[in-house]
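So that the names make sense, note that chain A is the first sequence line, chain B the second, and so on, each numbered from 1. Below, all heavy atoms of this structure are taken into account, side chains as well, without hydrogens, waters or symmetry copies.
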2 protein chains.
Amino acid sequence: MAGPHTLAETERQVQARLGDLTLDFEAMAVVSNLFRAANAVRNHLERTVLAPADLTWTAFVVLWVVWIWDRVETRTIAAEGGFSKATLSGVLSTLESRGLVERARSESDGRLVDVTLTTAGRKLMRGLFPQFNDEERAITRHVEDLGSAAAMLRAMTLATE
Amino acid sequence: MAGPHTLAETERQVQARLGDLTLDFEAMAVVSNLFRAANAVRNHLERTVLAPADLTWTAFVVLWVVWIWDRVETRTIAAEGGFSKATLSGVLSTLESRGLVERARSESDGRLVDVTLTTAGRKLMRGLFPQFNDEERAITRHVEDLGSAAAMLRAMTLATE
DNA sequence: TGCGATTGGTTTGGGCCCGAACGATCGAGC
DNA sequence: GCTCGATCGTTCGGGCCCAAACCAATCGCA
């Protein structure tokens, strides 16, 4: 949200429009930078790692969750990935048509659908994830304390729930 | 990406699949938490502040940039907002049809288009932004050092460019 | 001055994204 | 057994999202 302009300049402009209100500019800067970072990182990873494999961001997240947990119910994937079940339904259909995942109705509960990776899906993830992690390392290389960075982000996530 | 499961459990699963490779789990956790936070914050703000005004996230960002800078070229909006010019073109059409912004071809350069807020657009932002900032304050209330948090996020953004 | 290269915004096509509505299934309590 | 409420995945409609193709305007450079 806040961009090439300086922070001070942005504050000045906001103050000019809402001078009579008390605002929290530090909070504004943090939220703004959160989205700039997430956007930049996502675009970067999509271009460098995902595009060559013809995968979208969300498709990769779905594959990742299924890969880690081997056999997952769709509701779990949606919760872990942070998107709606409606979105997941479409992405799963795409991945299924490409032969990367398989849907199977649960035997113990007829409402649930279990998802697993096909052999092709597992092979793809095994090749992709190391590249992905290399980029993650590069992206965070200038972050001093990774542990406290993760904790800070978790604090924001929790504060919204 | 990483969700209800514990971090240690996730690492164990990844290690089981890629045990022979060196991975950076701390970097993985930071990137993962970055997206969880951004998703959670965005969804929260959309539901609490934006939905009542019938605005999407991107539409609000566009309005915000134009509001701050009064008269902006579309290329600037796209750069500040962090999305493509193709996306912007569609969102601007939506906002224009709702009477919140106006497009005007630049007089000095026939390729450029300047965007301004209408009176209705300014009125909307004046009412909306204080609510938005209140939520931003609440979201960051458990972050100890807002300054270093913003710096950390900036470091990640810069590392991808 | 002329013309190829660059820049800027829009359009197009395909995919993601959500809330709401829907049909199927399950389970608690009678 | 039966029913009512809750849960699950899918579908639908509308909007966002991007890359690539496109056209108009401008610039660079001889």
Side-chain angles (χ1 to χ4, degrees), chain A residues 35 38-48 50-63 66 72-98 100-115, chain B residues 35 38-48 50-63 66 72-98 100-115:
Chain A
F35 286 99
N39 263 339
V41 169
R42 175 174 169 156
N43 288 339
H44 177 73
L45 289 171
E46 279 182 336
R47 275 195 272 268
T48 57
L50 268 30
D54 196 23
L55 284 178
T56 63
W57 177 265
T58 308
F60 178 78
V61 172
V62 171
L63 288 178
V66 180
V72 240
E73 300 166 359
T74 61
R75 57 179 175 176
T76 305
I77 305 175
E80 297 251 338
F83 33 75
S84 73
K85 55 185 183 166
T87 297
L88 176 62
S89 204
V91 174
L92 271 184
S93 296
T94 302
L95 291 173
E96 201 173 20
S97 74
R98 287 182 54 188
L100 298 173
V101 303
E102 274 175 349
R103 278 193 255 222
R105 198 152 282 276
S106 166
E107 295 182 8
S108 59
D109 187 333
R111 294 168 299 181
L112 276 51
V113 170
D114 291 335
V115 182
Chain B
F35 286 100
N39 262 340
V41 170
R42 175 174 170 155
N43 287 339
H44 176 74
L45 289 170
E46 279 181 335
R47 275 195 272 267
T48 56
L50 268 30
D54 197 24
L55 283 177
T56 63
W57 178 265
T58 308
F60 178 78
V61 172
V62 170
L63 288 178
V66 180
V72 238
E73 300 166 358
T74 60
R75 57 179 173 176
T76 306
I77 305 175
E80 296 251 338
F83 34 75
S84 73
K85 55 185 185 168
T87 297
L88 177 63
S89 204
V91 174
L92 271 184
S93 295
T94 302
L95 291 173
E96 201 173 18
S97 75
R98 288 182 55 187
L100 297 173
V101 303
E102 275 175 350
R103 279 194 256 220
R105 198 151 281 276
S106 167
E107 296 180 7
S108 59
D109 187 333
R111 293 169 299 183
L112 276 52
V113 170
D114 290 334
V115 182

TODO: For the pair B:R98 and B:D54, evaluate side chain to side chain contact (heavy atoms under 4.5 Å, CB included) and give the outcome as yes or no after the intermediate values.
DONE: CA-CA 11 Å; B:R98 288 182 55 187; B:D54 197 24; 4.0 Å; yes
Open item on the list: Testing A:V115, A:V91, A:L100 one by one against A:L63 for a side-chain contact (heavy atoms from CB on, under 4.5 Å), which residue passes?
Closed with: A:L100
Within this structure, what is the [atom1]-to-[atom2] distance between [X] and [N], rounded to whole angstrom?
X: B:R98; N: D:dC16; atom1: CZ; atom2: P; answer: 10 Å
X: A:E96; N: D:dG9; atom1: CD; atom2: C1'; answer: 13 Å
X: B:R105; N: D:dC23; atom1: CZ; atom2: C1'; answer: 11 Å
X: A:L92; N: C:dC16; atom1: CG; atom2: C1'; answer: 13 Å
X: A:F83; N: D:dG9; atom1: CZ; atom2: P; answer: 13 Å

Picking from [options], which would you name as closest to the side chain of [X]?
X: B:V113; options: C:dG9, D:dT10, D:dC16; answer: C:dG9
X: A:A86; options: D:dC27, D:dA20, C:dA20; answer: C:dA20
X: A:S89; options: D:dT10, D:dA25, D:dC16; answer: D:dT10
X: B:T56; options: D:dA25, D:dC16, D:dC18; answer: D:dC16
X: B:R42; options: C:dG9, C:dT10, D:dC17; answer: D:dC17
X: A:R111; options: D:dA25, D:dC17, C:dC26; answer: C:dC26
X: A:T58; options: C:dC16, D:dT11, D:dA24; answer: C:dC16

TODO: List the atom of A:V113, the atom of A:R105, and the distance in Å for their closest heavy-atom pair.
DONE: CG2-NH2, 3.9 Å
- [ ] Using atom types as modelled and distance alone, determine if a side-chain donor or acceptor of B:S89 lies under 3.5 Å from a backbone N or O of B:A86.
- [x]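 Side chain of B:S89 to backbone of B:A86, a donor-acceptor pair under 3.5 Å: no, none is there.
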Open item on the list: Is B:R103 close enough to C:dG9 that one of its side-chain N or O atoms is under 4.0 Å from OP1 or OP2 there?
Closed with: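 False: B:R103 side-chain N/O out of range (4.0 Å or more) of C:dG9 OP1/OP2.
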Open item on the list: Just by distance, no angles: are the side chains of A:T58 and A:T56 close enough, under 3.5 Å, to form a donor-acceptor pair?
Closed with: no
Open item on the list: Using heavy-atom distances to pick each residue's nearest nucleotide on DNA chain D, tell me which of A:D109 and A:E46 is more 5'.
Closed with: A:D109
Task: Residue whose nearest DNA chain D nucleotide is more 5′ - B:S108 or A:S93 - done: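 Closest to the 5' end, via its nearest nucleotide, is A:S93.
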